[in-house]
Amino acid sequence: MARGGGEWSVTGAVSYKRITLLVCSFNILIALFVLRFLYASSLHFYPNHRNVVRYRADEIRKMEESTRIRRSKHPSELVRLVKKLKHDLATSESSIELSANVKGKLVDEILERLKRLEEKSNVTLVREAVETWRSEKLKEAKELIQEQNGVNSTMIVEEAGMLVRALELDWDVLSEEIGFWLPAEVHNEEHDDKPEGEEEPEEVLAGRPVPGVCNVELHTDYGGAAVRWGLTHHKESAADCCQACLDQAKRAKPGEMRCNIWVYCPSEFGCFSPDIYEHKHQECWLKYAEKPKRSFKDRYSETYRNNHPKAPTIVPWVSGVVTA
């Protein structure tokens, strides 16, 4: 038993050494393969210097000139201004809003300025008055910041800077906050595409000719007390409207108003009037005035159309003052 056991031990030892050598050899081979792979990769990433492109002196000079021009065109000043603007906006947004007390004073001052205007002032005059007030208030605020003296000012010194920004940069926002609003200005432009030298065609009224006693006036609107409302009084022609005025004057009883003015709408699209009604084609208004006076003649004025954006350029009505 002892002999057999000794032979097994020697054989087992020899086999273990052989296995160890085989494993080491295999590891060496793997290591060599990895080194070869890394070397090949390095050649791929770092090619031979003999393949590097060589530029001529004039090409290098052109590239340097191009780099210099590109750097000179860099908008450094614009970048600086943008950064400053961002900083100013951030400062403005972080500032405290105007107090309700200051906003109330601004409203009172605007209303006081508007009270000085005439009752029938148009949008343009109102806008000019408000802009004048804003300029004066802005100047006052800037002087207050420079002098730090609020004795003759209605503003709080601490809020003067915010008020300057509001009046100068955010006037639209401030006016909305205080509830001040003005309609946009309406600029009516008349386009005359009639060839030069061509005479204006004579306008002809539809229907039978208007008698001379009617004293017809195209594009004219007369005022006066209504003897017969035209909303429910339509006639086929201007001549018929004038005749209705003459007939009413003959039939009028003592003490009743007698028609001496007729106003007719000849347009198929209706006629403009600043009242709340929609005046339609063939309306015939019978009126009376002791001293007839034209309300509108030929064209509506620019000021009138600014205050009444729906008004056309040409007066659409036809009128006349009948003779006794």
Side-chain angles (χ1 to χ4, degrees), residues 118-125 183 185-192 194 200-252 256-324:
E118 297 180 1
E119 184 177 353
K120 295 184 179 180
S121 298
N122 56 32
V123 176
T124 303
L125 294 177
E185 286 189 273
V186 178
H187 299 283
N188 299 288
E189 296 183 2
E190 182 179 353
H191 300 279
D192 185 7
K194 181 170 63 71
E200 198 74 34
E202 184 178 354
E203 189 168 352
V204 179
L205 287 173
R208 63 187 180 88
V210 182
V213 69
C214 298
N215 298 310
V216 60
E217 296 182 49
L218 301 178
H219 306 298
T220 307
D221 186 10
Y222 273 86
V227 177
R228 181 73 184 271
W229 275 51
L231 297 175
T232 56
H233 184 233
H234 289 198
K235 292 297 180 181
E236 291 293 329
S237 66
D240 294 332
C241 183
C242 173
Q243 188 61 49
C245 181
L246 294 171
D247 294 342
Q248 191 278 337
K250 292 179 181 179
R251 294 194 304 266
E256 292 182 346
M257 289 189 297
R258 295 176 181 272
C259 176
N260 64 344
I261 301 171
W262 59 275
V263 181
Y264 182 73
C265 177
S267 174
E268 295 180 358
F269 304 100
C271 295
F272 169 80
S273 185
D275 54 36
I276 62 174
Y277 303 105
E278 180 182 355
H279 298 277
K280 299 182 179 180
H281 181 215
Q282 297 182 340
E283 280 189 13
C284 176
W285 289 76
L286 307 184
K287 302 181 180 181
Y288 168 79
E290 185 177 352
K291 295 181 179 180
K293 183 179 180 181
R294 297 185 186 94
S295 299
F296 302 100
K297 178 66 175 176
D298 294 332
R299 299 170 182 266
Y300 294 108
S301 66
E302 184 72 21
T303 302
Y304 184 83
R305 284 185 288 145
N306 285 338
N307 291 331
H308 301 84
K310 293 183 179 181
T313 303
I314 306 297
V315 178
W317 298 94
V318 175
S319 304
V321 179
V322 297
T323 56

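Keep in mind it's a predicted model, so treat the numbers as computed, not measured.
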Do any side-chain atoms of residues 269-278 form donor-acceptor pairs under 3.5 angstrom with protein atoms, and if so which ones, sequence neighbours left out?
unit_1 : atom_1 : unit_2 : atom_2 : d
Ser273 : OG     : Asp275 : OD2    : 3.2
Asp275 : OD1    : Tyr277 : N      : 3.1
Asp275 : OD1    : His279 : NE2    : 2.9
Asp275 : OD2    : His279 : NE2    : 2.9

Can you name the nearest heavy-atom pair linking [X] to [Y], along with the distance?
X      : Y      : value
Ser295 : Gly223 : OG-N, 3.2 Å
Val318 : Pro266 : CG2-CG, 3.6 Å
Tyr300 : Val315 : CE1-CA, 3.7 Å
Gln248 : Cys259 : OE1-N, 2.7 Å

Sorted by chain and number, sequence neighbours left out, side-chain contact (heavy atoms from CB on, under 4.5 Å) with Val321 holds for Tyr222, Ile261, Pro292
Sorted by chain and residue number, the side-chain contact (heavy atoms from CB on, under 4.5 Å) partners of Thr232 (sequence neighbours excluded) come out as none
The complete set of side-chain hydrogen bond (donor to acceptor under 3.5 Å, both in side chains) pairs with one or both residues in residues 233-247, sequence neighbours excluded, reads Arg208-Asp240, Ser237-Asp240, Gln243-Asp247
In short, side-chain hydrogen bond (donor to acceptor under 3.5 Å, both in side chains) pairs touching residues 261-272 with sequence neighbours left out are none
Exercise for the section: Determine if the SG-SG distance between Cys242 and Cys214 falls under 2.5 Å. Expected result: yes
Tell me yes or no: SG of Cys284 and SG of Cys241, less than 2.5 Å apart? yes
* Ser319 backbone acceptor or donor facing Thr220 side chain under 3.5 Å -> no
Any donor-acceptor pair under 3.5 Å from Asn260 side chain to Ala289 backbone:
yes
Sorted by chain and residue number, the salt bridge (Lys or Arg N to Asp or Glu O under 4.0 Å) partners of Arg258 (sequence neighbours excluded) come out as none
By salt bridge (Lys or Arg N to Asp or Glu O under 4.0 Å), Lys293 pairs with (sequence neighbours left out) none
By side-chain hydrogen bond (donor to acceptor under 3.5 Å, both in side chains), Trp285 pairs with (sequence neighbours left out) Glu283
So salt bridge (charged side-chain N to carboxylate O under 4.0 Å, His left out) across residues 223-234, not counting sequence neighbours, yields none
